[in-house]
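Sequential numbering from 1 along the given sequence is applied to the chain's residues.
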Amino acid sequence: MEEISNLLFRKLFTAIFSLWFILPGFANAQDTTRLIGQRTDWANKPVRVWYYADYISTVKHEVADVILGDSGKLNVPIVIKEPRQIYVESGALEGSLFVMPGKTYQLKLPGYRQMTKVDSLNPFFQPSKFFFGLENSHPTELNHLITEFDLIYNDYLVNNFRQIRRKRQGSDVDSMVVFLDSLFKKGEQNRFFKGYKKYKIAELLHIAYLNDYNYVVRDYYLDQPILYTNPAYFELFNKMFDNYIEYYATTADGEDIAYNVVRAKSYQRSMRTLANNLALRNDTLRELVFIKGLNDALYKNTFPKSSLYQTLDSVRLQTKIPRHRKIVQRIIEKSKKLQKGFPPPAFRITMGDTLAFSFPQKGDKFILLNFINVESFAVQKILPQLKQLSDKQEEVLKIVSINVGSRFKKAKKYFDMHQYNWRLLNGNTNTEILKEYNVKAYPTYFLLNPEGNLAMNPTPGPNGNFEYYFFKILKHRERERYRNNR
């Protein structure tokens, strides 16, 4: 019950605080959207509501984190300033819906599915995803329109994909486009749906006329408003401009872009080079394409990361579009969060009434932080090797284990029984750590240097030649210290 009690307190406090925060004077009531619903098997279950802050960084923005009462009644107010898709997570379920500011949505809650112990230990587990039905929907309501459109659109695409790709202009795509456009004409009164329909149709045309890249950009992106919260807009945008900086560097128009990013690290020079592509003559679109290209490049080895970060910082400082500045900031923070040479996400775990552990810490030793679940066979197998490592490297290495998923009392008893004497923390009191550290399996390791920065990521365990890599790091520090003292 210990971890459940802590979770209940934290989430109930979050719910009370959230309600206080959206009282008049703190948020415009017209921006407050409400999610309601009830089902008895959802009683006392945690519910988390979030959306993508943008579709380039894909950072998740949480807007509610609550626990339902004994009746299983959901009544969650969230602040939404513009139409967007949101996600509702609980147990092994993840539902989504589209919301408008100031509206109330009565959700048809499905039968609850709890995560099993096997699910919690499975690094590849994915929740069951679905689209919420609504008790208070109607034919012109946004979710009704999108659901009806997607049923027809996806059915056509699934049954005709090969023909569309094979015959291209000989297929009946153009007829289907006219049909979809006319069938959902009334729905265009909703601007969000109008944009959604427009870019789903554009995606269909892109599949059919794959070689005519400029046609799609010219008709659907150039001098068109950017629909920052519309997933259909960015689903196609992200396909059209995937790894664009790397691609553009191989073209005659973009031969200078690599120099502009790697050597000059210049926003202005890069923007001028991108302008050689007439399809990108719109400044706002061109800047967004550049930002996406830099983000994609961070996850490849084509350009030095240091140059990419300096160029991103140049964009952040010089852009005149506040929304783009925020996207860049999210890209930087997300990509650096678990990067070698940078501090990992900070956290604090309270142990009892007086003791607390804050991380990261600076000191005179390296820290091998590891996430474990003592009920996992893989963890039980590795703990004796961690003990040997702790005993052998105690002068330069400190081990810290965070137990998650299983009861802390059981973990503590297991450690005492096997004389594992390093620090053991109760991760059940702060489950957000798992998201911050992207923990998908147990055990997971992170090595920090005495300065509090990540020394390796990914970090292997004792059974993955950890000591070999650790020895190399120690020798490198020794050489650096000798060089600096000369």
Side-chain angles (χ1 to χ4, degrees), residues 50-63 81-82 84-85 217 221-222 224-231 233-249 254 256-275 277 280-346 435-436 438 454 457:
W50 58 271
Y51 61 76
Y52 288 110
D54 65 79
Y55 288 102
I56 294 179
S57 74
T58 63
V59 167
K60 295 179 179 180
H61 177 69
E62 186 176 284
V63 289
K81 295 187 178 296
E82 49 194 333
R84 62 169 68 247
Q85 187 174 17
V217 175
Y221 287 100
L222 182 63
Q224 298 290 319
I226 296 176
L227 308 182
Y228 289 99
T229 65
N230 199 309
Y233 179 98
F234 275 95
E235 185 177 353
L236 180 58
F237 177 92
N238 288 334
K239 289 177 182 176
M240 297 288 293
F241 300 106
D242 184 46
N243 292 306
Y244 190 75
I245 299 300
E246 181 179 344
Y247 156 75
Y248 195 57
D256 294 333
I257 195 70
Y259 178 87
N260 296 338
V261 171
V262 176
R263 298 291 182 87
K265 308 172 187 67
S266 170
Y267 162 75
Q268 296 291 348
R269 293 180 67 160
S270 298
M271 287 289 283
R272 285 196 294 270
T273 300
L274 285 168
N277 181 355
L280 297 179
R281 59 182 179 270
N282 177 281
D283 291 348
T284 304
L285 175 64
R286 183 163 72 250
E287 184 175 274
L288 193 64
V289 170
F290 185 43
I291 291 170
K292 173 172 168 49
L294 293 172
N295 176 69
D296 292 348
L298 281 171
Y299 298 93
K300 303 191 73 177
N301 295 316
T302 309
F303 304 112
K305 281 187 169 56
S306 58
S307 297
L308 293 170
Y309 281 125
Q310 290 183 61
T311 307
L312 278 166
D313 206 46
S314 177
V315 177
R316 183 179 62 83
L317 293 172
Q318 296 183 58
T319 180
K320 297 178 182 178
I321 305 170
R323 203 154 197 163
H324 290 185
R325 186 176 297 111
K326 290 180 180 179
I327 293 173
V328 170
Q329 189 62 39
R330 292 187 200 108
I331 290 170
I332 294 172
E333 291 175 358
K334 178 183 177 180
S335 58
K336 280 186 176 181
K337 187 163 66 174
L338 290 173
Q339 186 173 318
K340 176 183 173 182
F342 294 92
K435 299 170 190 170
E436 290 291 316
N438 196 31
L454 277 173
N457 190 27

Rounded distance [0.5 Å steps], CG in Asn457 versus CG in Leu338: 5.5 Å
Salt bridge (Lys or Arg N to Asp or Glu O under 4.0 Å) involving Lys300 - partner list, sequence neighbours excluded: Glu246
Asp256: salt bridge (Lys or Arg N to Asp or Glu O under 4.0 Å) partners, not counting sequence neighbours: none
Residue pair Phe241, Leu280: steps toward the side chain to side chain contact (heavy atoms under 4.5 Å, CB included) verdict: CA-CA 11 Å; Phe241 300 106; Leu280 297 179; 4.0 Å; yes
Under 3.5 Å side-chain donor-acceptor pair for Tyr309 and Gln339: yes
Heavy-atom neighbours of Lys60 NZ exceed 12 at 6.0 Å: yes
With Ala264 via side chain to side chain contact (heavy atoms under 4.5 Å, CB included) - residues at least two apart: Tyr259, Ser266, Arg269
Any Thr319 side-chain heavy atom under 4.5 Å of Val328 side chain: no
Residues that Tyr228 engages under ring pair (Phe, Tyr, Trp, His ring centres under 6.0 Å), provided they are two or more places apart: His324
Distance-only polar pair, side chains of Tyr52 and Gln85, donor-acceptor under 3.5 Å: no
Least distance between heavy atoms, Lys305 atom then Asn301 atom: NZ-OD1, 4.3 Å
Stepwise side chain to side chain contact (heavy atoms under 4.5 Å, CB included) test for Asn282 and Gln224: CA-CA 9 Å; Asn282 177 281; Gln224 298 290 319; over 6 Å; no
Heavy-atom pair of closest approach, residues Leu454 and Pro344: CG-CB, 4.2 Å
From CG (Leu298) to CZ (Phe303), nearest 0.5 Å: 11.0 Å
Reported CG-to-OG1 distance for the pair Asn260 and Thr311, which is rounded to 0.5 angstrom: 9.0 Å
Selection residues 309-319 - residue pairs positive for salt bridge (charged side-chain N to carboxylate O under 4.0 Å, His left out), sequence neighbours left out: Asp313-Arg316
Between OG on residue Ser57 and CD1 on residue Ile291, distance to nearest 0.5 Å: 10.5 Å
Nearest atoms (heavy-atom pairs only) where Ser307 meets Val261: CB-O, 3.6 Å
Partner residues of Tyr248 under the ring pair (Phe, Tyr, Trp, His ring centres under 6.0 Å) criterion, sequence neighbours left out: Tyr244
From CZ (Phe234) to OG1 (Thr58), nearest 0.5 Å: 12.0 Å
Verdict with supporting geometry, Ile56 and Ile331, side chain to side chain contact (heavy atoms under 4.5 Å, CB included): CA-CA 8 Å; Ile56 294 179; Ile331 290 170; 4.1 Å; yes
With sequence neighbours excluded, residues passing side chain to side chain contact (heavy atoms under 4.5 Å, CB included) with Pro343: Asn453
Listed partners of Lys435 passing salt bridge (Lys or Arg N to Asp or Glu O under 4.0 Å), at least two apart: Glu432
Six-ring centre of Phe237, Lys292 cation under 6.0 angstrom, axis tolerance 45°: no
Salt bridge (Lys or Arg N to Asp or Glu O under 4.0 Å) involving Arg323 - partner list, sequence neighbours excluded: Glu82
Tyr233 and Tyr221 aromatic centres sub-6.0 Å: yes
Whether Lys336 side chain and Phe342 backbone form a donor-acceptor pair below 3.5 Å: no
Salt bridge (charged side-chain N to carboxylate O under 4.0 Å, His left out) partners of residues 324-333, not counting sequence neighbours, each pair once: Asp54-Arg330
Sequence-distant partners of Tyr51, ring pair (Phe, Tyr, Trp, His ring centres under 6.0 Å), two or more places apart: His61
Partners meeting side chain to side chain donor-acceptor pair (under 3.5 Å) with Asp283 (sequence neighbours left out): Arg286
Distance (rounded to the nearest 0.5 Å) between Glu287 CD and Met271 CE: 5.0 Å
Derivation and outcome, side chain to side chain contact (heavy atoms under 4.5 Å, CB included), residues Tyr55 and Ile327: CA-CA 9 Å; Tyr55 288 102; Ile327 293 173; over 6 Å; no
